[in-house]
Every structure is written in structure tokens, then in C-alpha cells.
2 protein chains.
Amino acid sequence: MNDKPLKMKKSDRTRAAIAAAAQRIFASQGYERATIREIAAAAGIDPTMVMRYFGSKDRLFAEVAEFDLDLPDLAALDRDRIGETLVAHFLSVWESESGGGFPILLRSAASNDYAAARMQQLFAAQVLPAMLVLGPPDSAPQRAGLVATQMLGLALARYVLRLPPVVMLDRDTIVREIGATLQRYATGA
Amino acid sequence: MNDKPLKMKKSDRTRAAIAAAAQRIFASQGYERATIREIAAAAGIDPTMVMRYFGSKDRLFAEVAEFDLDLPDLAALDRDRIGETLVAHFLSVWESESGGGFPILLRSAASNDYAAARMQQLFAAQVLPAMLVLGPPDSAPQRAGLVATQMLGLALARYVLRLPPVVMLDRDTIVREIGATLQRYATGA
DNA sequence: GTCTATAATTCGATAGAC
DNA sequence: GTCTATCGAATTATAGAC
């Protein structure tokens, strides 16, 4: 009878349904174009309920856009395969259920201040530290910056703009080709 | 007395002032958040004039977002320096006066259908053909796709999101590091 | 918990005086 | 050419009945 996890209180199910609908709408329309009304309709509930459960559009966005890159400890990995590992990890996170926050952030970051700030935070708190263990500290910001350009571009072209030639790239090709690039950026080799 | 090119009819000067203001506002806010009223204020004229000169917000956007990548003939270049040449060319275009259309498109493409379609067109009509002369036709879409991810990511991180470590990269570093990546992507080597 | 009604803004666009 | 006034639509958010 329920699509959602069983044995939840009704209020929790409603809240989860709103969050799920909000993820879809925010991810496909961006923050500005998404409306409370549309999200409510997609969740099959009344628009007022969205406000009741989340308070405001801003807070709803902040909640569903939350997510972690959850990078593994790169120092513990085979040093020759760091690039490939990084790409494979990013792809997994972005295509996972819990990774829905990334397309949302990315699509809204271009015109929403909160999303843009969150994106900066994300790279400062997770990508930069990861680069610190892979080479000289002085060059870590530069290496992190280069890594960021390549990964953000892949995500933008593939998941947001959906450029046909990028969408058509198969996973192995991406891991191999872009992995080689990240390997060079990350290790400075 | 005039900031704009001398000896224009007043109507042309007004039109140019609106277009210049629109470029700034669209580039910094994106399509949705930019308002006719704000653009008019930035241009120092009445909001009604924007409609009179451009008809609608859509047509104003289409006009100021227009631009060309204007790629040189890559086949005529030193084959070992194609990557560096590409990056240097992109940087020049994006930072030039007439290249203002690109940040505008990029910032709006995530949530504006016209901008997204225009971006697809741009790569299909200009990047893909350029790849055709550099290697086997079969792999041209794949090579163009990879090039697109790296260049879009650089533009996004540097000009739209303004990620500090990417903004701080100096031009020589970008040309060298990202040039090497494009060299590999474009030539398939 | 849920919904109706509506307040309060804001926006793009138009009509018309001067 | 320029501006005042305003329309009509859409939005977030709230008040309050049931």
C-alpha cells in the first residue's frame, strides 16, 4: 500500500513525500522556477502542507539540497589509480539516491546565493583536504581547483545541460579518460 | 559628453545602454532573477523603454546572449599545441567585450530552456566540427564531449561560481594544465 | 491534520496622456 | 520618445474554519 518505508507515522510519510517531490522539482527546474504549488501537486498534497512542514521555500530547499561528497581516504589507495577512483566515486555518489542533492545544488548555484555558497563550502571542506594528503600543501589549492573544474564540468554537461555527446559517454570511458585527467591534476604529475 | 560611441542617434544610444545594462544584470543574476525594472534602473531609463525597444524580456535576453566561439582553423595549427591554443582562445573570447554572452548563457542555462538549447547548438555547430578535422570522425562526438566537460567546468567554476582556488589560477597555469588535458581529449592521444 | 480563502508582493506587459 | 498609471497573472505566506 505504501511506496515509502513501512511503519512510519503519517506525518513522517507526508514529510518524506514532500521532500522527495521537492528533490525532483528543484533538480529539474532550479530554485527560482520551482514553485511550492508544483511541489505540492507532485507530492499529491495541499500546498499549505509544505509550509506547515518546512516553514518556507528557503528552508525546504536547504533541507533537500543537503548532501556529502563522502570522499574516501585517498592516501590509503593505490597511488596510480587515484584519478580513476575519484571519478568512479563521484559518479556513484551523483547517481545514488542520496546524491540527489548535487544536481539540485548545481542547477540552482548559478542564480541562488545559498546554493552557490554551499557549493564553495563543499569543495573547501572536502576536496581541498583530500588534495592535501596527495602532494605538497602549497599546491593543494591549485590542484583542488583544477579537479573542481573537471568534475563540475562533467556534472554540468551530463546531468544539467544534458549535452548529447556527454550523455552518451559510457561509464568506462569516463572513468578512463577523465580519470587520467584527475590523476594528473590531483598528484601534480 | 557621451560614454558610448560618438555620433549615434539618441534612440541607438538608448538601445545600446539598455543592452549593456541587460548584459550585466543577466550575467550576474541569471534570467529568472533579473527584472526589467532593475535593468532599466541600471541603464538610467524608464522600464517602459525596455519593452518599447526590445518587445519582451525574452527577446531582450536572446539579443544580449548572442555570441560566437569563433574557433580558428585547428587543422592549420601546430599539432602539438592544439590544447594550449584552444584554452587560450576560450579565455580570450570569454574575457573579451563581445564574449559577455557566454557567462550570460552559462548562468541561465541551468534553468532557462532557451539558454540551454542555445548552448547545445553552440557546441554542435562549433566544437564538434572542430574535432572532426583533428581525428577519426567516429570518435569526434566523444572527443567533443570530453572537451566540453573541461571547458564548461572551467567557465562555471571561474566566472559563475567564482570558486576561490579557481579564480586564483593565473592564466599561464590554466593554459598549461588545462591545455594538456584538451590536447589529449581533442587528439585522442 | 487538512483545506478554503485571502493577504501582500512582485512581475511582465499595455493603454494612453503629453 | 517618454512617462504615469494600471492591469492581470503568479508567487510566497498567513489566518482561520472544520
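Quick note on labels: first sequence line is chain A, next is B, and so on, each numbered from 1. These numbers come from a predicted model, not from an experiment.
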Atom-to-atom span, [atom1] of [X] to [atom2] of [N] - whole angstrom:
{"X": "Ile18(A)", "N": "dG1(C)", "atom1": "CD1", "atom2": "C1'", "value": "12 Å"}
{"X": "Asp46(A)", "N": "dT2(C)", "atom1": "CG", "atom2": "C1'", "value": "7 Å"}
{"X": "Arg15(B)", "N": "dT2(D)", "atom1": "CZ", "atom2": "P", "value": "13 Å"}
{"X": "Ile45(B)", "N": "dT4(D)", "atom1": "CD1", "atom2": "C1'", "value": "15 Å"}
{"X": "Glu38(A)", "N": "dT11(D)", "atom1": "CD", "atom2": "P", "value": "9 Å"}
{"X": "Arg52(B)", "N": "dC3(D)", "atom1": "CZ", "atom2": "P", "value": "12 Å"}

**Report entry** Heavy-atom closest contact (Gly101(A) atom, Gln23(A) atom, distance)
**Finding:**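 Scanning both residues, the minimum pair turns out to be N-OE1, 4.4 Å.
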
Under 3.5 Å donor-acceptor pairs involving side-chain atoms of residues 158-166 of chain B, not counting sequence neighbours:
{"residue": "Arg158(B)", "atom": "NH1", "partner": "Val166(B)", "partner atom": "O", "Å": "3.1"}
{"residue": "Arg158(B)", "atom": "NH1", "partner": "Leu169(B)", "partner atom": "O", "Å": "3.1"}
{"residue": "Tyr159(B)", "atom": "OH", "partner": "Glu95(B)", "partner atom": "OE2", "Å": "2.8"}

Requested in this report: Indicate, with a heavy-atom threshold strictly under 4.0 Å, whether Tyr53(A) touches base, sugar-phosphate, or nothing.
Outcome: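 Sugar-phosphate, no base atom in range.
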
Query raised in the report: Is the backbone of Ala189(B) close enough, under 3.5 Å, to the side chain of Arg184(B) for a donor and an acceptor to pair up by distance?
Result: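 Between the backbone of Ala189(B) and the side chain of Arg184(B) there is no qualifying donor-acceptor contact (under 3.5 Å).
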
Query raised in the report: So, the side chain of Glu84(B) versus the backbone of Gly179(B): is there a donor-acceptor pair under 3.5 Å, distance only?
Result: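 Checking the backbone N and O of Gly179(B) against the side chain of Glu84(B), no donor-acceptor pair under 3.5 Å is found.
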
Query raised in the report: Should the pair Glu38(B)-Arg33(B) be classified as a salt bridge under the 4.0 Å nitrogen-to-oxygen rule?
Result: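 Judged by the 4.0 Å cut-off on N to carboxylate O distance, Glu38(B) and Arg33(B) do not form a salt bridge.
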
Query raised in the report: Under 4.0 Å between a Lys/Arg side-chain N and an Asp/Glu carboxylate O for Lys57(B) and Glu32(B)?
Result: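 Not counted as a salt bridge, because no side-chain N and carboxylate O are separated by less than 4.0 Å.
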
Give every donor-acceptor pair under 3.5 Å between a side-chain atom in residues 70-79 of chain A and any protein atom, sequence neighbours left out.
{"residue": "Asp73(A)", "atom": "OD1", "partner": "Ala75(A)", "partner atom": "N", "Å": "3.2"}
{"residue": "Asp78(A)", "atom": "OD1", "partner": "Asp80(A)", "partner atom": "N", "Å": "3.2"}
{"residue": "Arg79(A)", "atom": "NH2", "partner": "Leu134(A)", "partner atom": "O", "Å": "2.9"}

Query - Contact list for DNA chain D against residues 25-35 of chain A - heavy-atom distance below 4.0 Å - result: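 Ala34(A), Thr35(A) - these, ordered by number, are the residues of the stretch whose heavy atoms sit under 4.0 Å from the strand.
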
**Report entry** All ring-ring contact (aromatic ring centres under 6.0 Å, His included) counterparts of Tyr185(A), not counting sequence neighbours
**Finding:**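 ring-ring contact (aromatic ring centres under 6.0 Å, His included) check on Tyr185(A) returns nothing, list empty.
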
Expected rows: protein N/O vs nucleotides 13-18 of chain C N/O, under 3.5 Å:
{"residue": "dA13(C)", "atom": "OP2", "partner": "Lys57(B)", "partner atom": "N", "Å": "3.0"}

**Report entry** Members besides Val50(B) in its Ile/Leu/Val/Met/Phe/Trp/Tyr cluster (side-chain heavy atoms under 4.5 Å)
**Finding:**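 Taking Ile, Leu, Val, Met, Phe, Trp and Tyr as members, Val50(B) shares its hydrophobic cluster with Ile18(B), Ile25(B), Phe26(B), Tyr31(B), Ile36(B), Ile39(B), Ile45(B), Met49(B), Met51(B), Tyr53(B), Phe54(B), Leu60(B), Phe61(B), Val64(B), Ile104(B), Tyr114(B).
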
Query raised in the report: Taking for each residue the nucleotide of DNA chain D with the nearest heavy atom, is it Asp12(B) or Pro47(B) whose nucleotide lies nearer the 5' end?
Result: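 In this pair, the answer is Asp12(B).
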
